Amino acid sequence: MSPTPQQPVTVCYDGSCPLCRREIGFYRRAENSAEVEWLDVSTNAPPEGLTREQAMARFHVRKANGEWVSGAAANIALWHNLRGWRTLGKIASVPPMPWMLEIAYRAFLPVRPALQWMARRMEKWN
């Protein structure tokens with residue numbers, strides 16, 4: 001029996017967010033980042049299984065096995081797939097780290113709009 005082919009890891013991010021663009025820029029510098037499908041959901045329709053509202057509200061990653069994860073779990077899944085980030089992914093996977101990172105992620109979400117506003121103003125000055 002042959003193994004089922006794996007689909008590429010897909011990262012759905014808000015490209016209209018300066019903070020998100022900067023974070024994705026760091027990840028795209030990884031040596032093997034071309035193996036990841038990067039999808040800006042601010043200008044493209046999200047893949048099947050994810051609504052635009054979901055995609056814009058939280059960071060989402062579709063793992064190679066097809067499972068969708070979001071928030072801190074999405075970051076951890078991405079880190080596991082990028083050279084130079086895998087050690088962080090392993091550390092972040094050890095309990096209680098995923099839980100703690102998710103709490104931090106949820107605390108960040110309400111302040112994200114204000115940070116986006118400030119980042120946009122700073123982009124205009126540069």
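Note that this is a predicted model, so its numbers are computed, not measured. Count residues from 1 along the sequence.
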Apply side-chain contact (heavy atoms from CB on, under 4.5 Å) to residues Arg58 and Glu53 and explain how you reach the verdict. CA-CA 9 Å; Arg58 288 174 61 93; Glu53 293 76 26; over 6 Å; no

Would you please test His60 and Leu39 for side-chain contact (heavy atoms from CB on, under 4.5 Å) and show each step? CA-CA 10 Å; His60 286 78; Leu39 183 62; over 6 Å; no

With side-chain contact (heavy atoms from CB on, under 4.5 Å) as the test, would you mind laying out the steps for Lys90 and Trp79 before giving the verdict? CA-CA 8 Å; Lys90 289 176 185 177; Trp79 297 336; over 6 Å; no

As a quick check of understanding, evaluate side-chain contact (heavy atoms from CB on, under 4.5 Å) for Cys12 and Leu50, giving each step before the final call. CA-CA 9 Å; Cys12 294; Leu50 191 62; 3.8 Å; yes

Show, in sequence, the C-alpha distance, side-chain angles and deciding distance for Tyr27 and Asn81, and conclude whether the side-chain hydrogen bond (donor to acceptor under 3.5 Å, both in side chains) test is met. CA-CA 10 Å; Tyr27 297 144; Asn81 283 280; over 6 Å; no

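For the pair Thr10 and Glu37, the tightest heavy-atom approach, listed with the atom from each and the gap, is OG1-OE1, 3.2 Å. Closest approach of Arg62 and Pro47 over heavy atoms only: NH1-CB, 3.9 Å. Shown here for Ala30 and Trp85, the closest heavy-atom pair between the two residues is CB-CD1, 4.3 Å. Between Val69 and Ala77, the shortest heavy-atom contact is CG2-CB, 4.0 Å. Taking all atoms of both residues into account, the shortest heavy-atom contact from Leu109 to Ala57 is CD2-O, 3.7 Å. Met97 approaches Ala92 most closely through the heavy-atom pair CB-O, 3.3 Å.
Looking only at distances, a side-chain donor or acceptor of Arg86 sits under 3.5 Å from a matching main-chain atom of His80. Looking only at distances, a side-chain donor or acceptor of Asn32 sits under 3.5 Å from a matching main-chain atom of Arg83. At least one donor-acceptor pair under 3.5 Å links the side chain of Arg52 to the backbone N or O of Val41. Panel note: side chain Ser93, backbone Gly89; a donor-acceptor pair is recorded below 3.5 Å. Proximity of a side-chain donor or acceptor of Glu102 to a complementary backbone N or O of Ala72 within less than 3.5 Å is detected.
There is a path of hydrophobic side-chain contacts, each under 4.5 Å, that joins Phe59 to Ile103. No chain of hydrophobic side-chain contacts below 4.5 Å, direct or via other Ile, Leu, Val, Met, Phe, Trp or Tyr residues, connects Ile76 to Ile91. A continuous path of ILVMFWY side-chain contacts below 4.5 Å connects Val111 to Met118, so both sit in one hydrophobic cluster. The cluster map of Ile, Leu, Val, Met, Phe, Trp and Tyr, joined by side-chain heavy atoms under 4.5 Å apart, puts Trp68 and Val11 in different clusters. Both Leu78 and Leu101 belong to a single network of hydrophobic side chains, linked directly or stepwise wherever heavy atoms of I, L, V, M, F, W or Y lie under 4.5 Å apart.
Looking at heavy atoms from C-beta onward, Ser42 lies in side-chain contact with Met56 at the 4.5 angstrom threshold. Considering only heavy atoms from C-beta on, Pro8 stays 4.5 Å or farther from Val36 through its side chain.
Atoms CG and CG, from Asp40 and Asp14 in turn, are 7.0 Å apart once rounded to the nearest 0.5 Å. Put simply, CD on Glu31 and CG on Leu82 are 11.0 Å apart, with the number rounded to the nearest 0.5 Å. We find the OG-OH distance between Ser70 and Tyr105 to be 7.0 Å, quoted to the nearest 0.5 Å.
Trp38 and Tyr13 have perpendicular rings, their planes meeting at more than 60° on a 0 to 90° scale where under 30° would count as parallel.
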